Amino acid sequence: MIALGIGWLQWPRPPALDGERWFKVMIATLLRGHVDDQGDDPEQAAAWEAAVLRFVPYHPAGRLPERKISNPVAAALPGRALPGEVALIEALAALQGVSERWAHLYDRDEVGIEARLQDPEELGAAYDPSTTLGPGAGWEDLADWGAQRGTFAAAVARTVPARWILVEGQGELPEAPSLIEALHAELSSTAERISSGLGAAGLSERLTALVGEGSRLVLVGEEAGVTQILRILAQHAEIRDHVLAVVSVGGIIAGIPDRDGPLGEVACRDWLGAWFTQRALDTDVVRLTPYFSLQWLDRRAWPPGIEGLPLANARFPEPDDRDATATTLEVVDLGPLPLDPQLPTQIVARALIAVVSAWIVHRR
């Protein structure tokens, strides 16, 4: 028993990482490379900063932003407050109106601005993508990828040889952007694009076939696509064992409010309560399988999110771990991105590929 205890204490723990910060800094770095490629004019620095502030909403104390924006005074913190979180809540509570609070959180607060514009090297080795993805995948290599050159994509393919399955939605959320086309273009022959219209049976059959070929899978779902993925994983342990990560891009996770049927909020929340647990989604090999979620944000929408899907309903909940024999499911919140017609989807797709791939290696 003593030896077992010593072994447990010496077992290497994965480093604590802020998924949203890593993802958003990767977008900012790719944008820097893209903007720098246009020339060395001093105005390019201003153009980069403007692009980051427009397309990369982030604040290091801004987790669960819908709570802070809706009612800062009553915002329930999930555990101990982050550095600066109490001060941020107090500042938001002093403002009147949702638009003013969004502006303070993402446009005006110097803490959030500095976090997005800082040198990513200052985040340390744990966040350096080359730590996990190897040579050719450092921060400057990532910036080069934003300029359509460099070795970063090759480093990802070399280090994380996986089949990316991209499951589309069927227009359940008309306002929601799509990253499927951009992801498919970047991943080339390692990706397979599947319409959610194929149905659960068809998707399950295809995933089973890939597992039979020995493929390791990264499953990406938009809108109802992620709903299908979750239902299949809950029923097929042999598929779960081959999944390296699950990624929701504006996915209908906790349902659409005021809608009946399988995509309605009541049905989805009931399913999550019963099946989104450590026990129900465990794997034979004890390893962490990350479940990432990226949400879409229209600052005019109420409740916060986009029309039809609040931010909270597009985010994976913390899984129930009662009766679990091991922890194998890890929730990673990548935060919101703006509902902006000029959003550079190619840049976002590359950042998503980078952060998911690096995280997978971190958790091996």
Side-chain angles (χ1 to χ4, degrees), residues 19 22-23 26-27 30 33 129-138 141-142 144-169 178-196 198 202-222 225-226 228-229 232-233 236 238-251 283 285 287-294 332 334 344-364:
W22 207 5
F23 177 52
M26 283 181 166
I27 299 177
L30 284 156
S130 68
T131 300
T132 50
L133 300 178
D141 300 303
L142 184 64
D144 284 343
W145 197 16
Q148 309 285 357
R149 61 175 182 265
T151 57
F152 200 98
V156 167
R158 179 185 66 247
T159 311
V160 189
R163 188 79 173 167
W164 290 63
I165 306 301
L166 313 176
V167 185
E168 301 174 325
S178 175
L179 293 182
I180 293 292
E181 184 175 348
L183 285 168
H184 191 255
E186 293 300 326
L187 293 163
S188 187
S189 60
T190 63
E192 186 169 334
R193 188 172 178 175
I194 296 178
S195 168
S196 64
L198 180 65
L203 179 57
S204 177
E205 182 178 342
R206 180 60 186 140
L207 294 179
T208 300
L210 289 168
V211 166
E213 298 169 4
S215 297
R216 294 293 175 178
L217 307 175
V218 175
L219 305 181
V220 182
E222 290 188 333
V226 76
Q228 285 192 354
I229 289 170
I232 290 169
L233 292 179
H236 296 276
E238 71 280 6
I239 296 177
R240 292 199 304 272
D241 288 338
H242 284 73
V243 171
L244 299 178
V246 176
V247 185
S248 170
V249 179
T283 52
V285 177
R287 59 176 173 83
L288 289 175
T289 301
Y291 283 63
F292 299 89
S293 62
L294 161 63
V332 184
L334 298 179
T345 55
Q346 182 186 59
I347 293 292
V348 174
R350 289 174 178 174
L352 190 61
I353 293 166
V355 74
V356 169
S357 300
W359 198 287
I360 287 170
V361 180
H362 258 293
R363 291 334 193 206
R364 281 178 179 169

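Please read these numbers as outputs of a predicted model, since none were measured by experiment. Index from 1, following the sequence.
In this structure, the side chain of Arg240 engages the main chain of Leu233 through a donor-acceptor pair within 3.5 Å. Side chain of Arg350 to main chain of Trp145: a donor-acceptor pair is present (N/O by atom type, distance under 3.5 Å, no hydrogens or angles). Asp141 places a side-chain N or O within 3.5 Å of a backbone atom of Gly138 that can act as its donor or acceptor partner.
Residues Leu352 and Leu334 are in side-chain contact: their nearest non-hydrogen atoms beyond the backbone lie under 4.5 Å apart. When side chains are defined from C-beta on, Ile165 does not count as touching Ile229, because their heavy atoms never get closer than 4.5 Å. With a 4.5 Å cut-off on side-chain heavy atoms, Leu133 and Val160 count as touching.
Nearest heavy atoms, Ile27 versus Ala351: CG1-CB, 3.5 Å. Of all heavy-atom pairs spanning Gly150 and Asp144, the tightest one is CA-CB, 4.2 Å. Nearest heavy atoms, Pro129 versus Met26: CB-CE, 4.2 Å. Taking both residues in full, the closest heavy atoms of Arg216 and Asp241 are given as NH1-O, 2.9 Å, listed atom of the first, atom of the second, then distance.
Taking CH2 from Trp359 and CG from Leu244, the interatomic distance works out to 15.0 Å, rounded to the nearest 0.5 Å. The distance from the NE2 atom of His242 to the CG atom of Leu207 is 11.5 Å, given to the nearest 0.5 Å. The line from CG of Leu219 to CD1 of Ile232 is 8.5 Å long, rounded to the nearest 0.5 Å. Taking CG from Leu183 and CD from Gln346, the interatomic distance works out to 11.0 Å, rounded to the nearest 0.5 Å. Remark: Ile180 CD1 to His184 NE2 distance equals 9.5 Å, nearest 0.5 Å. Note that CD1 of Ile239 is 8.0 Å distant from CG of Leu217, once rounded to the nearest 0.5 Å.
Counting heavy atoms of neighbouring residues, nucleotides and ligands inside a 6.0 Å radius, atom CD of Glu238 exceeds 12 of them.
Every residue two or more places apart in sequence or in another chain that forms a salt bridge (Lys or Arg N to Asp or Glu O under 4.0 Å) with Glu192 is listed here: Arg163, Arg206.
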- request: Could you check Ile353 against Glu186 for side-chain contact (heavy atoms from CB on, under 4.5 Å), going step by step and ending with a plain yes or no?
  value: CA-CA 9 Å; Ile353 293 166; Glu186 293 300 326; 3.7 Å; yes
Leu294 vs Phe23, side-chain contact (heavy atoms from CB on, under 4.5 Å): CA-CA, chis, key distance, verdict: CA-CA 10 Å; Leu294 161 63; Phe23 177 52; 4.0 Å; yes
- [ ] Kindly indicate, with the supporting measurements, whether the criterion side-chain contact (heavy atoms from CB on, under 4.5 Å) is fulfilled by Phe152 and Ser357.
- [x] CA-CA 11 Å; Phe152 200 98; Ser357 300; over 6 Å; no
From CA spacing to verdict: side-chain contact (heavy atoms from CB on, under 4.5 Å), Thr131, Val361: CA-CA 9 Å; Thr131 300; Val361 180; over 6 Å; no
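Between the side chains of Ser204 and His236, at least one donor N or O sits under 3.5 Å from an acceptor N or O. Looking at Glu168 and Ser178, their side chains never bring a donor and an acceptor atom within 3.5 Å of each other.
Evaluated for a side-chain contact (heavy atoms from CB on, under 4.5 Å) with Glu222, the options Val247, Leu179, Val167 yield exactly one hit, Leu179.
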